[in-house]
Amino acid sequence: MKRNKTCPLCMLRRLFKSNPPTSVRPALPDYENSAPKTPPMGWSTWNTFRNRINEKMILEMADAMRDSGLIEAGYVHLNLDDNWQSSMRDENGDLQGDLETFPHGIPWLAQKLNAKGLKLGAYTSNGTLTCEDLPASLGREKADAYTLAKWGVEYFKYDFCHNSQISQYAPLVYSISISKFDGEATEYSVHNAVLGGLARFMTDKKLPTGGYVSGLDRNYGDITYGNITVDEDGDYVLTVNIKKYGQYEKYLIAKVNDGKEYEIEFPSQKKFNNTARFQTVVALKAGKNKIKLFNPVTCKADSEMYQYRRMGLALKEATAKVAAQNGTPEKPITFSICEWGWGKPYNWGAKAGNLWRTTPDIRPWWFWIKMIYNHTVKLHEYSSAGHFNDPDMLEVGNGKLSYNQNVSHFSLWCMMNSPLILGNDLRKMSDSVKAIITNKNMIAINQDALCKQAKRVKCGTVDVLAKPLADGSTAICFFNKSCHSAKATYNINKLCDDKYVSMKKQASYTATEQWSNESLKTNGKMTVKLEKHQSKVFIITPSNRDV
C-alpha cells in the first residue's frame, strides 16, 4: 500500500495493526427485488452455440421449448449470452443487437418470446468489454440497465471480463460544497467535520482551508459533516474539493443521513493545478443533514461487490422507471452475478444480486462437473430464498456424459437449489435427456418454497445430501462418485439432531425414490445400492402420512 499522504504515525499504526481493515459488507442490506424467490429455470445460448447465434435459431429454440413441454415444466427464461450485441453502440450511445444476426432488434425478439410464454434474458460484462470483446457496462450501469428494462429483458447475466478494480485509495479532501443547481453554493471545511478512525488533518497552507484530511484509504477512516442545512427536500449538487496527489485512481462513497450511498470515482491526477473538484447529485431533506465520506474498499472482493451492487441497484431503478413511464406492472430482472467464484461471492452475493457463480465455467466433462459440485455443496448456508449459489448452467445432453452422469448432474443441481439453466440443443435432444430435465419430482425439489440448499451430511465414496422441504418432509440424495458400483448405508435419524436439516423423528418413515417412484418403509436405517456415477433421491415422510 502507498502512504497516500497518511500521517507517518498513522501509517505505522496501520502497518503494525494486528487486525485488517474492517469490511462494511455485513452492514449492507440484502439485495431484494420482485423476482421469483425460487431458483430461475430456462435455457442459455452459451454452452452449445457460443458465438454462433442469431434470431432465427433463437425462435427455433423457443418453439422447441414450447413443443417439448419445457415451458410447462417451468423453463421460462431464454437467455442470450455473449455475442447478441453489435460491436457498435447506437447513435445515442446505447446497446443494440448485432445488426446482421438480430436484424429486427432485441425489443422485437422480446415481444416474440413473450408471445410464446417465455422471458428474454441478456448479457454484458462488469468490465470495459465483454468476454468476446463487445460493448460492456462498467461505468454505464444506469444507461444500460434502462435499455435492458425498456426492451423487456427479465434475466440479466453480468460477467467479469475486462474488469477494472475500484481503488482502495481515497482522495485528500479539504472541503465539500452543496448547491441547488443555481450556482449559489455553501462550502463546508473539513475543520467543521468529525474525523473517525485514522483520518487526520494534515497542514497545507496552499489550500483554502490550510490543510486536508488523509487516512481514508481501505475503510481506515472517515469524515462526517453533521450540519449540512438546506431549505427544502430535493436533489443537490455535492462537490468534493481535493488536493491533487498521486497518479493513481481514488474512490469515495458519500453516505447521506445513514441511508443512500453515492459513489464518486476520482481519476489519476496530473498536477497542473494544486486542487480539483468532483461532483455527484444527492438527495437531501429540509433542515439538517449528515454526509459521511469514506472508502469502504478493503480488498478486491469489496471492489467486486460494490460494482455488482451498483448494477443491481440500477436494474431495480430502471424496471421501476419503465413501469411508471408505461403505466404497466413492473417486470423485475433476475440478476445473475458471474465473477467465476474468485472473490468468494457467496460472502457478498446476497448484497448485490439474486444469484452468483461459485466456480469457473462448466464443461461437459464428468470430472469437471464433480469438481464444481464438490465446491458448491459446501456452501449451503449461503443460499436462501431469492439468493442462490450458482454452479453454472446444466450440461445434461452435452458431450459424452452417460445416462447415470446426466441423472446425477441434474439431481445434484436440484438438491443444491441451483438455477436450472439448460445448455443443450433442444431441437435435437433425445427422449432420455428430455425425461431427465422434465422430471417433475426433481423440479419440485429444486423449486421448493423453503428454498434451502441441501447439506452434505456424509462424504465418502457415496455422498449423502439432505434438503429440508417446506411441507416438513426431507429430500435425501445418495450420490456414487466412484467408477464402480457401491453400497451405502445411512441412518436418517441422525438428521433429527442436525440443526440445519431439523427432520422430525418418527418411529418409521416412508422413503419414495424420485426417479423410479418406488417406495420402501424404514425405521431410519437406509441401505442403497448404486451403479457407477448413479444417484438416487428419496423423499422421506412419516409412514403414517399420506404420500
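The residues of the chain are indexed from 1 along the displayed sequence. Predicted model only: the values in this text are computed from it and were never measured.
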Is there side-chain contact between [X] and [Y], with at least one heavy-atom pair below 4.5 Å?
{"X": "Tyr248", "Y": "Asn4", "value": "yes"}
{"X": "Met305", "Y": "Leu28", "value": "yes"}
{"X": "Asp204", "Y": "Tyr174", "value": "no"}
{"X": "Met202", "Y": "Leu172", "value": "no"}
{"X": "Thr358", "Y": "His375", "value": "yes"}
{"X": "Asp217", "Y": "Gln168", "value": "no"}
{"X": "Thr101", "Y": "Ile53", "value": "no"}
{"X": "Lys119", "Y": "Leu113", "value": "no"}

inquiry  = What verdict does the side-chain contact (heavy atoms from CB on, under 4.5 Å) test give for Leu138 and Asn126, after you've listed the backbone C-alpha separation in whole Å, the side-chain angles of each residue and the deciding distance to 0.1 Å?
reply    = CA-CA 5 Å; Leu138 183 63; Asn126 183 4; 3.3 Å; yes
ask   = Going by the side chain to side chain donor-acceptor pair (under 3.5 Å) test, which pairs reach into residues 102-112, not counting sequence neighbours?
value = Glu55-His104
Around [X], counting heavy atoms of other residues, nucleotides and ligands shown, do more than 12 lie under 6.0 Å from its [atom1]?
{"X": "Lys290", "atom1": "NZ", "answer": "no"}
{"X": "Asp231", "atom1": "CG", "answer": "no"}
{"X": "Lys244", "atom1": "NZ", "answer": "yes"}
{"X": "Lys116", "atom1": "NZ", "answer": "yes"}
{"X": "Phe181", "atom1": "CZ", "answer": "yes"}
{"X": "Gln325", "atom1": "CD", "answer": "yes"}

Go through the side-chain N and O atoms of [X] and [Y] and say whether any donor and acceptor fall under 3.5 Å apart.
{"X": "Gln453", "Y": "Asn389", "value": "yes"}
{"X": "Asn114", "Y": "Lys331", "value": "yes"}
{"X": "Thr124", "Y": "Ser137", "value": "yes"}
{"X": "Asn163", "Y": "Gln307", "value": "yes"}
{"X": "Ser175", "Y": "Asn241", "value": "yes"}

message = Test side-chain contact (heavy atoms from CB on, under 4.5 Å) on Ile176 and Tyr225; report intermediate values, then the result.
response = CA-CA 9 Å; Ile176 65 171; Tyr225 293 87; 3.6 Å; yes
Closest non-hydrogen atom pair between Lys250 and Pro171, with its separation = CD-CA, 3.6 Å
query = Which heavy atom in Asn446 sits nearest to a heavy atom in Pro39, and how many Å separate them?
reply = O-CD, 3.5 Å
Taking side chain to side chain donor-acceptor pair (under 3.5 Å) as the definition, give me every residue that meets it alongside [X], ordered by chain and number, with sequence neighbours left out.
{"X": "Asp302", "answer": "Ser23, Arg25, Thr298"}
{"X": "Lys285", "answer": "none"}
{"X": "Asn257", "answer": "Asn289"}

request  = Determine, stepwise, if the pair Asn227 / Tyr188 fulfils side chain to side chain donor-acceptor pair (under 3.5 Å).
outcome  = CA-CA 9 Å; Asn227 194 26; Tyr188 297 85; over 6 Å; no
query = Looking at residues at least two apart in the chain, or sitting in another chain, which of them share a side chain to side chain contact (heavy atoms under 4.5 Å, CB included) with Cys131?
reply = Asp82, Tyr123, Asp159, Cys161, Trp340
Atom [atom1] in [X], atom [atom2] in [Y]: separation rounded to 0.5 Å?
{"X": "Thr224", "Y": "Leu195", "atom1": "OG1", "atom2": "CG", "value": "8.5 Å"}
{"X": "Met311", "Y": "Tyr158", "atom1": "CE", "atom2": "OH", "value": "4.0 Å"}
{"X": "Asn295", "Y": "Glu263", "atom1": "CG", "atom2": "CD", "value": "10.5 Å"}
{"X": "Ile372", "Y": "Ile362", "atom1": "CD1", "atom2": "CD1", "value": "4.5 Å"}
{"X": "Arg357", "Y": "Trp342", "atom1": "CZ", "atom2": "CH2", "value": "10.5 Å"}
{"X": "Asn79", "Y": "Ser336", "atom1": "CG", "atom2": "OG", "value": "8.0 Å"}

Holding to ring pair (Phe, Tyr, Trp, His ring centres under 6.0 Å), I want the full list of residues that pass it with [X], two or more places apart in sequence or in another chain.
{"X": "His191", "value": "Phe201"}
{"X": "Tyr306", "value": "none"}
{"X": "Tyr251", "value": "none"}

task = Before accepting this row, confirm whether a basic side-chain N of the pair Arg309/Glu261 lies closer than 4.0 Å to the acidic partner's carboxylate O.
result = yes
ask   = Which pairs count as ring pair (Phe, Tyr, Trp, His ring centres under 6.0 Å) when at least one residue sits in residues 132-151, sequence neighbours excluded?
value = Trp84-Trp151
Using distance only, find each side-chain donor-acceptor pair of residues 413-423 under 3.5 Å and give its atom names and separation, not counting sequence neighbours.
residue: Trp413; atom: NE1; partner: Asp392; partner atom: O; Å: 3.0
residue: Asn417; atom: OD1; partner: Lys467; partner atom: NZ; Å: 3.0
residue: Asn417; atom: ND2; partner: Cys451; partner atom: O; Å: 3.1
residue: Ser418; atom: OG; partner: Trp413; partner atom: O; Å: 3.3

Measure from the side-chain N and O atoms of [X] to the backbone N and O of [Y], and report whether any donor-acceptor pair falls under 3.5 Å.
{"X": "Lys271", "Y": "Gly246", "result": "no"}
{"X": "Arg218", "Y": "Gly215", "result": "no"}
{"X": "Gln269", "Y": "Pro267", "result": "yes"}

Which pairs would a plain distance check flag for residues 275-282, meaning a side-chain donor or acceptor within less than 3.5 Å of a matching protein atom at least two apart in sequence or in another chain?
residue: Gln279; atom: NE2; partner: Thr239; partner atom: OG1; Å: 2.9

Whether Tyr500 and His380 hold their rings parallel, tilted or perpendicular, with breakpoints at 30° and 60° = perpendicular
Mind listing the side-chain donor-acceptor pairs of residues 31-38 below 3.5 Å, one per line with the distance, residues two or more places apart or on another chain?
residue: Tyr31; atom: OH; partner: Gly312; partner atom: O; Å: 2.8
residue: Glu32; atom: OE1; partner: Lys37; partner atom: NZ; Å: 2.9
residue: Asn33; atom: OD1; partner: Ala35; partner atom: N; Å: 3.3
residue: Asn33; atom: OD1; partner: Asn354; partner atom: ND2; Å: 3.2
residue: Asn33; atom: ND2; partner: Ile333; partner atom: O; Å: 3.2
residue: Asn33; atom: ND2; partner: Asn354; partner atom: OD1; Å: 3.2
residue: Thr38; atom: OG1; partner: Gln447; partner atom: OE1; Å: 2.9

task = Would you verify whether the NZ or CZ of Lys344 falls within 45 degrees of the ring axis of Tyr346 while also being under 6.0 Å from that six-membered ring's centre?
result = no
task = Run the numbers on Asn274 and Lys243 for side-chain contact (heavy atoms from CB on, under 4.5 Å), then give the verdict.
result = CA-CA 6 Å; Asn274 192 40; Lys243 169 185 168 67; 3.7 Å; yes
